[in-house]
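First comes the structure, then the notes that go with it.
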Number of protein chains: 2
Amino acid sequence: MNKHPAGLADQKDPSAQHELPCPMPDIAKLIGGKWKLILLQVLIFQGTKRFSELRRQIEGITQTMLTSQLRALERDGLVARKVYPEVPPKVEYSATQRARQLEPMFKEMHAWWLKS
Amino acid sequence: MNKHPAGLADQKDPSAQHELPCPMPDIAKLIGGKWKLILLQVLIFQGTKRFSELRRQIEGITQTMLTSQLRALERDGLVARKVYPEVPPKVEYSATQRARQLEPMFKEMHAWWLKS
DNA sequence: CGGAATCCCACAGGATACTG
DNA sequence: CAGTATCCTGTGGGATTCCG
């Protein structure tokens, strides 16, 4: 895992022109992949959702992928999972505080998309 | 390619709680993958770079990937490629205006990374 | 120096079936 | 309903070699 940091090489020049904003590879680990950004976007801007709601809304995703991506996001503290011990089962997913702080970034992305 | 739009399903509810900011899949096409964000970050915040400079700085990337990712970014209008017809060859890459408008998004990402 | 051409593989992502 | 359990495929990405 640490074999290929895939980050930026050390800057020899002490007076870097501009400091580079952070390790993208680490960020990509958290929000990369085909579905995570979509998932986060939905949970951040639309609030809590049930598993089946997400599956219906995120057209094209399979249960397998939905589960695995939600689990990954949960592990990274971006999504909260609430299980209601009922029958039939009911599970709700929501964006954590950490994830909700991504809202400005999403808006910047959106603005960029419109402008470009 | 169009078989799986992988976007968001149509919202039946006319009064959506918040409009969702844009098609993430399309954006992911542009800036997704392992290297594109790093590449853009460097070119946006550090300006024009030669091929060999990028290769040295973006530790871990191979020539093959560097070439292919730069080509993809060029196709999408995010990177400009300038060839100097000299010997030995010299090629310079720089962020286009379109790419430079991503700067706020990068800063948001950075801010988020620091906070989180 | 800055590539292009090949070959290769791991793994992200998908299809299907079954279950508490 | 909300998952696991398998199995499978495509391709993103890498290693190596050659070239103007």
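Every value quoted in this text rests on a predicted model; they were computed, and no experiment measured them. Lettering follows sequence order; numbering is per chain, from 1.
Distance, A/Glu53 CD to D/dC1 P: 11 Å, rounded to whole Å. In this structure, the CD atom of A/Gln69 is 13 Å from the P atom of D/dT4, given to the nearest Å. A/Trp35 places its CH2 atom 5 Å from the P atom of C/dG14, with the value rounded to the nearest Å. At whole-Å resolution of the value, CZ in B/Arg55 and P in C/dG3 are 10 Å apart. Atom OH of B/Tyr84 is separated from atom C1' of C/dG3 by 18 Å (rounded to the nearest Å). A straight line from NZ of B/Lys34 to P of D/dG12 spans 14 Å, rounded to a whole angstrom. Remark: C1' of D/dA15 and CG of B/Leu66 are 16 Å apart, rounded to the nearest angstrom. The distance from atom NZ of A/Lys82 to atom P of D/dC1 is 20 Å, rounded to the nearest whole Å.
Counting only heavy atoms from C-beta outward, the side chains of A/Leu66 and A/Leu39 approach each other to under 4.5 Å. Counting heavy atoms from C-beta outward, A/Leu30 and A/Arg98 have side chains that approach closer than 4.5 Å. At least one side-chain heavy atom of A/Met65 sits less than 4.5 Å from a side-chain heavy atom of A/Ser68. Side-chain contact check for A/Trp112 versus B/Pro104: every heavy-atom pair is 4.5 Å or farther apart. You'll find the side chain of B/Met109 reaches within 4.5 Å of the side chain of B/Leu37, heavy atoms only. Between B/Met24 and A/Trp35, every side-chain heavy-atom pair lies at or beyond the 4.5 Å cut-off.
B/Lys36 places a side-chain N or O within 3.5 Å of a backbone atom of B/Lys29 that can act as its donor or acceptor partner.
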Pairing string of DNA chain C (Watson-Crick or G-U wobble, both atom distances under 3.5 Å; | = paired to other strand) is ||||||||||||||||||||
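Between B/Leu43 atom CG and B/Ile38 atom CD1 the span is 12.0 Å, to the nearest 0.5 Å.
Proximity of B/Arg50 to the phosphate of C/dG2: a side-chain N or O atom is located under 4.0 Å from OP1 or OP2. Look at A/Tyr93 and you won't find any side-chain N or O under 4.0 angstrom from OP1 or OP2 of D/dC1. Between B/Ser52 and C/dC1, a side-chain N or O to OP1/OP2 separation shorter than 4.0 Å is absent.
Considering only the side chain of A/Pro89, D/dC1 comes nearest among D/dC1, C/dG13, D/dG3. Here the nucleotide nearest the side chain of A/Met65, chosen from D/dG13, C/dG14, D/dG3, is C/dG14.
A heavy atom closer than 4.0 Å to some atom of DNA chain C occurs in no member of residues 70-80 of chain A.
For the pair A/Gln63 and A/Gly32, both in contact range of DNA chain C, the more 5′-proximal nearest nucleotide belongs to A/Gly32.
Between A/Tyr93 and A/Phe51, the angle of the ring planes lies from 30° to 60°, which puts this pair in the tilted group.
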Hey, mind stepping through A/Gln46 and A/Gln57 against side-chain contact (heavy atoms from CB on, under 4.5 Å) and telling me if it holds? CA-CA 11 Å; A/Gln46 297 190 347; A/Gln57 185 167 1; 2.8 Å; yes
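With hydrogens and angles ignored, a donor-acceptor pair closer than 3.5 Å exists between the side chain of B/Thr64 and the base of D/dT16.
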